[in-house]
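First up is the structure itself, then whatever we jot down about it.
None of these values were measured; they are calculated from a predicted model. Every chain is numbered from 1, with letters handed out A, B, ... down the list of sequences.
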There are 2 protein chains.
Amino acid sequence: MDNKKIEKISRALSDINRIAILQEFKKKKDCLYCAEVNDLLDLTQPSVSHHLKQLVDAELLLPQKEGRNLKYVLNLEVLDDYIACLNKLKD
Amino acid sequence: MDNKKIEKISRALSDINRIAILQEFKKKKDCLYCAEVNDLLDLTQPSVSHHLKQLVDAELLLPQKEGRNLKYVLNLEVLDDYIACLNKLKD
DNA sequence: TTTAAATATTCAAATATTTCGATATATTAG
DNA sequence: CTAATATATCGAAATATTTGAATATTTAAA
């Protein structure tokens, strides 16, 4: 994982709303529906859409179309790669 | 570690120059001098000072005054706490 | 004590991010 | 086909971040 990618993931994680989205996966195992995220956050739908886009662009979330709904799963592989990079900072 | 702190650390990590600073610790074990960081980055001194401040404010770096020089050490405790929070996202 | 070196602060400009209202698009239900 | 639902995009305002020139502060050297 190159530094540009580390930067992008860090930026995706640098917002209280996006952190809340990721943490919601602890309760809702497996996947989170877009509509659930809209309920979770105290923001308008376009703002939530924006935040989800940051997480998808960073590849922390994988979107899956399901009819007219959209569900997301955590991309554990990218998260693990990111954590591995942070661990490497510790010499 | 609360979400505000996670946000702050993530933001500190969301810049290519600050990532480069942290990675420089791999080469320069132990500590990094402020002047070394000025040499490392292709930025003016005030900009470097700004970036170092972000890292110190996030407590990723601990500053130590040494005469008229300043040296930094990696705060492994905070880095580990942060990594632990990220690991908790994986259910 | 004067001068030089290392670092920080202030200010302003440029750029990026966050937010929301309005609207567009896509899909399903009736 | 039409209406309703779910999500995305656009445009603009508010706010935050990044950068560097100018300057201030702190400390050591001469």
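- Side chain of B:His50, nearest nucleotide from D:dT19, C:dA26, C:dT19: D:dT19.
- As rounded to whole Å, 17 Å separates atom P of D:dT5 from atom NZ of A:Lys65.
- The side chain of A:Tyr72 approaches D:dA8 more closely than any other nucleotide in the set D:dA8, C:dT18, C:dT17.
- Atom CG in B:Asn69 sits roughly 15 Å away from atom C1' in D:dT25 (whole-Å rounding).
- Dashed line: the shortest gap from a side-chain N or O of B:His51 to OP1 or OP2 of D:dT19 is under 4.0 Å.
- Around CG of B:Asp30, the count of heavy atoms belonging to other residues, nucleotides or ligands within 6.0 Å does not exceed 12.
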For nucleotides 28-30 of chain D, give me every protein contact, N/O to N/O, under 3.5 Å, one pair per line with atom names.
none

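- Tested against B:Leu60, the residues B:Leu76, B:Leu79, B:Asn75 include a single side-chain contact (heavy atoms from CB on, under 4.5 Å) partner, B:Leu79.
- Remark: P of C:dT18 and CD1 of A:Ile21 are 11 Å apart, rounded to the nearest angstrom.
- The shortest distance between side-chain heavy atoms of A:Leu22 and A:Leu13 falls below 4.5 Å.
- C:dA5 atom P lies 19 Å from atom CG of B:Leu70, rounded to whole Å.
- The hydrophobic clustering, which links ILVMFWY residues whose side-chain heavy atoms are closer than 4.5 Å, places B:Leu62 and B:Val37 apart.
- Within a heavy-atom distance below 4.0 Å of DNA chain D, the residues of residues 27-49 of chain A found are A:Cys34, A:Ala35, A:Gln45, A:Pro46, A:Ser49.
- No more than 12 heavy atoms of other residues, nucleotides or ligands sit less than 6.0 Å from atom CG of A:Asp42.
- Distance A:Gln64 CD to D:dT7 C1': 16 Å, rounded to the nearest Å.
- At C:dT19, one or more side-chain N or O atoms of A:Asn17 fall inside 4.0 Å of OP1 or OP2 (strictly under the cut-off).
- Annotation: side-chain hydrogen bond (donor to acceptor under 3.5 Å, both in side chains) contacts involving residues 55-67 of chain A, sequence neighbours excluded, comprise A:Lys5-A:Glu59, A:Tyr33-A:Glu66, A:Lys53-A:Asp57, A:Glu66-A:Lys71.
- Put simply, NZ on A:Lys71 is 17 Å from P on D:dA6, counting in whole angstrom units.
- Distance, B:Leu52 CG to D:dT19 C1': 15 Å, rounded to whole Å.
- Salt-bridge check for A:Lys90 with B:Asp80: passed, with a basic side-chain N closer than 4.0 Å to an acidic carboxylate O.
- Counting heavy atoms from C-beta on, the side chains of A:Asn3 and B:Gln23 come closer than 4.5 Å.
- Here the CE atom belonging to A:Met1 is positioned 9.0 Å from the NZ atom belonging to A:Lys88, to the nearest 0.5 angstrom.
- Distance, B:Lys8 NZ to D:dA16 C1': 13 Å, rounded to whole Å.
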